[in-house]
Amino acid sequence: MKRQLSDLTFSLCSTIALTLLSIFILSGCGTSENNVSIGNRTGTLHWGNGTEPQSLDPHIATGVPEHKIIIALMEGLVLKDSKTLEPRPGVATSWDISEDGRVYTFHLRKNARWSNGDPHNAHDYVWSWWRALQPALGNLYAYMYFSIENAKEYYEGSIKDFDQVGVKALDDFTLQVRLKNPTPYFLQLLDHYSLYPVHRQTIEKFGGADERGTRWTYEGNLVGNGAFQLLEWKINRRVVVERNPHYWDAENIKLNKIVFYPTENAITEERMFRAGQLHYSGTVPADKVATYQSRNDPALHIDPYLGTYFYRLNVRVPHLQDKRVRRALGMTIDREQITQRILKAGQIPAYAMTPPNTMGYFPESDLAFNPEAAKQLLAEAGYPNGEGFPATEILYNTSEGHRKIAVAIQQMWKTHLNIDVKLLNQEWKVYLNSVSGRDYEIARAGWIGDYVDPNNFLDMFLCNGGNNRTGWCNKEYDRLILEEAPTAKTHAERLAIFTAAEKMLMEDMPVIPIYIYTSNNLVNTSVKNFNDNILNQPSFKEIYLEADTGVEN
Amino acid sequence: MALLEVNGLKIYFHTRNGLVKAVDDVSFTVDAGETLAIVGESGSGKSVTCYSLLDLLPKPPAVIEAGTALFDGEDLLSCSTARMRQFRGNDIAVIFQDPMTSLNPYISIGEQLIEPLIYHPDKTRTQSRKKARLQAIELLDEVGIIDPEARFDCYPHEFSGGMRQRVMIAMALINKPRLLICDEPTTALDVTIQAQILELIKKLQKTRDVAVIFISHDLGVVAGIADKVVVMCEGTIRETGDTESVFYNSQDAYTKKLLAAIPEGAKLLPNRAEQDQPLVKVRDLKTYFTDFSKAAEGKKVIKAVDGVSLDIKRGEILGLVGESGSGKSTLGRSILQLAPNTEGTVTFDGSLLGELSPKNLVPWRRRMQMIFQDPYASLNPRMTVYETLAEPLLYHGLADRKSIDQQVRQLMDDVGLAHSQMRKYPHEFSGGQRQRIAIGRAIATKPELIIADEPVSALDVTIQAQILDLILALVERHNLTMLFISHDLSVVRYISDRVMVMNKGLIIESGDTETLWANPQQEYTRELLKAIPLADPKLERKRISNI
Amino acid sequence: MAIKELQPDEQGTSLWQDAWIKLCKNYLALFGLAVLALLCVISLLTPWIAPYGYEEQNLLLGATAPSLEHWLGTDIFGRDMLTRIMYGGRVSLTVGFIATAVALLIGVLWGAVAGFVGGRTDAVMMRIVDIMYALPFMIFIVLLMVVFGRNILLLFVAIGAVEWLTMARIVRSQVMSLRKQEFVEAAHSLGLSEWTIIRRHIIPNTLGPVIVYTTLTIPSVMLLEAFLSFLGLGIQPPQSSWGLLINYGVESMEEYPWLLIFPGVALSLTLFALNFLGDGLRDALDPRTSKD
């Protein structure tokens, strides 16, 4: 009895407590000094970081929270401009690109150091990239290397000798990289953490080079080459990094410390931000966006984000094999209403997979909200007025946001196509299992770009693309992406190939794009030099803190 | 001046069911070194009166409406809590009825004894542990604990009931109180132990010169030790006087009724036993239980009944006496097949009961019934009198829907209950009335044999007399055969034709009641008979001094 | 002999009639009963009296505060909250009552048999209960769902199958103490069969705690349903229940408080009504409480 009673009491109490708490917070009880004002004084940035990082090993980590911490601790050859995302010198001061665009020669700076003071040079890259391509390491981002000559072959085992891979230290401070094809976005990849260098001595001290989960990333062990070094990692409480005195640009770093807080619950994190416990929160509950917007709160940053929210259709399901059915489903989603009435944070309705203006690429699509035509298509497919449409489920991972969209779409399909669709939510890992096992009919999905290039969105749907997961396969599409695009002579020609490919994709509609993400950030006004960009990637070395004078909180 | 002087005490209980005047204008005095007995039946207010002196009543519902209780000139009813604690610690001590629940089972008795000495609130009176221990051992010796030094570190469960009560007495005396309140201190004890405890209290009172208030429902118990007697009934005092005058020259009708109700002498009705084939034949009956509890250290077989043979003749009332733990109740249940028969046979009217399956036993069950000791527990609280009485009739097909009302009414007439009470629930009845209901249920099936297990032990003495007469009358009218189990020898003598004495699972002596009384053969029987308290002060004092 | 007419005061009443009379004098309990009856009637009639369809969205309208068109406001999809709460009540009350009934049936029987028979049977039965207790409840339910598929009826059974454990323990301990009472022994000596004894003498005497625990189980079952539904194991949108509505309401309680308040009021009202009724029933069914 006790158990149930306490459950009951707990839910009731927590509801009441939450209400009281929020009233308390809203009434503005900022008398005692909070994290933000202390941080402003001491140069400590308090950063709401979503969830607990799974790993800080750049060749193992995959998530966004890990990303934020790793970019503070490590650095690649090339950095990106925090506004324009143009390449900027990182560990490499300059680079030469050969005529045919296939050979990159990087000139490394001589004053680069690891955070323990060890010298940092070109050999570190050769060793690190060798490590990243060891299959035993299980690097999920290994494909980021595949534009390098023979990297894919080496990773897949058809080449045993790493010397044949196109990475070579010409001398201590010169690194040469040979590519398979000209890859316009190659410099961008270098700023992705999967291509960051790691400190060989440290890794070997705590285990094998290709061993997962060794202690080298733990508090007190980790050695990096970034602007900050790891000071403290308390599981589920905080990760603290402090200035790295050995960093080549150390004198220009303004922050003394960054404290990353893992807060699973977006609602809680937003409350912490409001209470002045955080300088930054990267997740704003949808309903809160309107509140911030309505009072023109300068803390709210809404910016386009290089990511697409879409539904996968399992084309192996009999009634979804018919592309007319898939198109009909795609054409009866009123994306304007979803973005304006449900999401309400400046999201853009998506009619193609690639977000518009990705390196100057604007996808062309004949997809539109057109219930009449959709009805027609469905009738042609054998379901006039939705009659006899088999039972179909939308699968989504348990989350309030996904549920809302699914509920809206469920009703849209009911209204416009007269079909009954059920909803099914699963925990994240179960959901991943269902989707990759293709045990679903329609499944919600999202894709965030790793680098700014249409290729990053379109090569997902290659016949054997690991993230395809729809069962859709089109040889012509594969040819365009794999053969035509890499050998295109000009940027315009390359974009034209992508346009053609994307048209094919939308024509067949194995995926229904719904909207383009926005990044919603809450940034305290005392955080200066915080630049928004479509990768939503902060530049900690540029940020500094300065309390606004006069106005308290 | 009297040590304690209670004047005009009124205690009312404000309950959901209205006002109950538990104590209504009660006055009495106790002199130093004197023993005052407060006698009354349940609900007379005797315990409430004494508990109020030590502020032990739950308030609310209890409210002391009026009165004073001067102890050495100081009013106990209006003193502060701190002062009351001093009284409790130094001047007034209490002994409760049940020695088992009054002792903490997790602390050794020695530790419990010296606790008030070494943790005394008055710092000047605290003692070292060593000194306290010596004092406690001396006291244990005084109350008759053999080898007190060794027993000092024993736990309450290692003592028998009588020994525990001795420990309780020692605890009460440890701080040398001037007034000792004994609330039915011997009611839970066997008759032989009771005699010893009474003697002990009397001896201590003399040597230590303490005043004693002795609360009891039993006039016989009081007769030997009291100097003065107060008779209470329904919250008021009916009579106060010295013991002789109350017992020999009582003017009060109620007191007379109490005295008259004490069972005395032999059965007045003739023995109706038929000499032919006995109704019940028990041969070499053994009932063993296995004790699985941890304290028993592995399997321990308890031999509750260890080879008993007896005959019950048709029409006779066979008394079965014994002290607690003698196995007399188990024997009764074994005969009725309510307890397992480990060995031996029970023959009822020529049939071996042990060989019948539970289903085949049902017709036999109709012919033999049981009356239980506790009329509060033996009736289903959610069934009305009507339902309780109708159930056996309907179940055994002795009545149909048409005749059932008539039959139930007949039963109620038999046991002396008003028809208007037919639809009431057990809680609405007094103990005596409940026992009437239980008897009614037992005779409903028109049984031949009734086993009555201490049917009057839980009843007040006046009620007890009524129920005993009822049982006698019913036996007569319905031609019943009865096994009457009791620890109370006077009761057994009053009702039985023949008596058996049971001890440690065995029947050690049996015979016609009066023969056995006059000439007990066994030492144990003699002890038992000698221990019966007599409701006659002179005889009783003589009896105690002879023990 | 002719059967006389019963005298008025002998007429008497059965336990249940008696209970009803006593219940009628307990205004709080009557209030609880009335509220529950009202909620049940509304739930039964919902498809005919609901002002809107429960899945009828109006995204252009969005979340609006209570108004004349929408008495309890609308949610973010523009769905009428009154309608949603009415339909949610159907699910919640059904789950609450059916799952509790399942728990009650299994728990009382299991506990009564274990307590009454005792010995080895009792030990085995109670170890089963212990094992079920130790089994993480979520795993148990997920297993059931995996084996039998998602099905609202199964949800009732699954919840009931988990909730009976405590009931069984309560009943068992009651029965164990009752079993040793003399009135049960008296029933034995009357020759009543074991089953009759359990039915007539044991179970009625366990009613008090069982009723109280039942009234506590119903709301906790409703919240449990919400939890399971939230994890995708229970009912699915657009269907809803009070628990789910409250869950959703919590998330946007600052912006749209009515989304939390109204379903919360509905659930609290039920909870209070059940508690009042439960207390009233317990007292009414106990003949020891005075009739006046």
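Computation of the quantities below employed the complete heavy-atom set of this structure, encompassing side-chain atoms and omitting hydrogens, waters and symmetry-equivalent molecules. Each chain gets a letter, A, B and so on, in the order its sequence line appears, and its residues count up from 1.
- Taking CZ from R200(C) and CG from N380(B), the interatomic distance works out to 8.5 Å, rounded to the nearest 0.5 Å.
- Comparing D374(B), T445(B), I451(B), L336(B) by heavy-atom pairs within less than 4.5 Å of chain C, the highest count is held by D374(B).
- Ranked by non-hydrogen atom pairs under 4.5 Å with chain C, the options M370(B), K359(B), R441(B) are led by R441(B).
- With a threshold of 4.5 angstrom between heavy atoms, S193(C) approaches chain B through its backbone and through its side chain.
- Residues L192(C) and E391(B) form a side-chain contact, since some pair of their non-hydrogen atoms from C-beta on lies under 4.5 Å apart.
- For Y395(B), the part lying under 4.5 angstrom from a heavy atom of chain C is the side chain only.
- Of the atoms belonging to L361(B), not a single heavy atom falls under 4.5 Å from chain C.
- Atom CZ of R477(B) is surrounded by more than 12 heavy atoms from other residues, nucleotides or ligands within 6.0 Å.
- Around the CZ atom of F272(C), the shell of radius 6.0 Å holds no more than 12 heavy atoms that belong to other residues, nucleotides or ligands.
- Across A186(C) and S378(B), no two heavy atoms sit closer than the pair CB-O, 4.3 Å.
- Closest approach of P381(B) to N205(C), counting heavy atoms only: CG-OD1, 3.2 Å.
- Here the CD atom belonging to E185(C) is positioned 4.0 Å from the CZ atom belonging to R333(B), to the nearest 0.5 angstrom.
- Proximity of a side-chain donor or acceptor of H396(B) to a complementary backbone N or O of L190(C) within less than 3.5 Å is detected.
- Note that NE2 of H201(C) is 10.5 Å distant from CG of L379(B), once rounded to the nearest 0.5 Å.
- For the pair Q369(B) (side chain) and S189(C) (backbone), a donor-acceptor distance under 3.5 Å is present.
- In this structure, chain C has a heavy atom under 4.5 Å from the side chain of M383(B), while its backbone stays farther away.
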